[in-house]
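In what follows, a single structure is set out as structure tokens and then discussed.
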Amino acid sequence: MSLSNSLISLQQTDQQLIEKKQTFVTLQNEIQNQGGLIKLRDKCEKQKQQELEAKVEVARLQSEFNTLKSKVSEIEQRLYGGSITNVKELNAIEIEYSSMRRNLAQVEESIPSNEKIAAEANEKFTEYTKQLKENEQDWKLRLVKIHGEAKVIKDEYNNMLIERKKVQSGISKEYLDHYNRISKSNPGSAIVKVDRGVCQGCLVKLPMSELNKIRLSETPITGSCCSRLLIFSN
Ligand SMILES: [Zn+2]
């Protein structure tokens, strides 16, 4: 294999290694978040919590309503019982009475909205719980599949590494070092073709003298444009 072809083969292998690694990481992430189960459990828990909070609020409002109601009827008795004849005192009680009735109405009004929140949260909780049960079943199967896929990818990856070593052994240290250095910042395009006078790595048009040099060379040439290894496109 020519040096150029060895470098291109090395680059292709490296690209595939990167892809395998990414797929492997994606599978690992799926295992980590249990295919979305952790998120779904969290959603269930939140709805349950919301329902509980709304129910506590309803109970608090109902107790406040009862307290206010008995106070209102107490005042009504004093107001209409005929025992108070002092006008000033009567006015004061009337003011207290109307303020308390306003409070009572307010408390009464806010009970249904909190009951609605509790009911809606309960509905969502039921829905998410059902979904959770289904997904938990699916996940068991998926997990077995993931472990299988991960193993295949790992084996393929290791085989590719062996293949890479073989290809690498046919490349001189000078070119290998150059390739590795450029690959770090430009994975997949450390060695590129020059097409119609343009470097396909950085898309800069090269001077004629350099193009001729690349055309005549048996080995890749370091481009003056971007330091990539350049070969001539036939
Ligand atoms: Zn270039």
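Note that ligands are numbered from 1 as they come in the structure, with each ligand's atoms numbered from 1 the same way. Numbers for residues simply follow the sequence, beginning at 1.
- Tally of protein N, O or S atoms closer to the Zn ion (ligand 1) than 2.8 Å: 4.
- The side-chain hydrogen bond (donor to acceptor under 3.5 Å, both in side chains) search around Glu57 returns Arg60, not counting sequence neighbours.
- Grouped with Leu161 in one hydrophobic cluster are Leu17, Tyr157, Met160, the linkage being side-chain heavy-atom contacts under 4.5 Å among Ile, Leu, Val, Met, Phe, Trp and Tyr residues.
- Taking the side chain as every heavy atom from C-beta outward, Lys55 and Glu51 approach each other to under 4.5 Å.
- A side chain to side chain donor-acceptor pair (under 3.5 Å) check over residues 75-94, counting only residues at least two apart or in different chains, returns the pairs Glu76-Tyr97.
- Closest non-hydrogen pair, Trp139 versus Glu30, comes out as CH2-O, 3.3 Å.
- At a threshold of 4.0 Å, the pair Arg181-Asp177 does not count as salt-bridged, since none of the basic side-chain nitrogens sits closer than that to a carboxylate oxygen.
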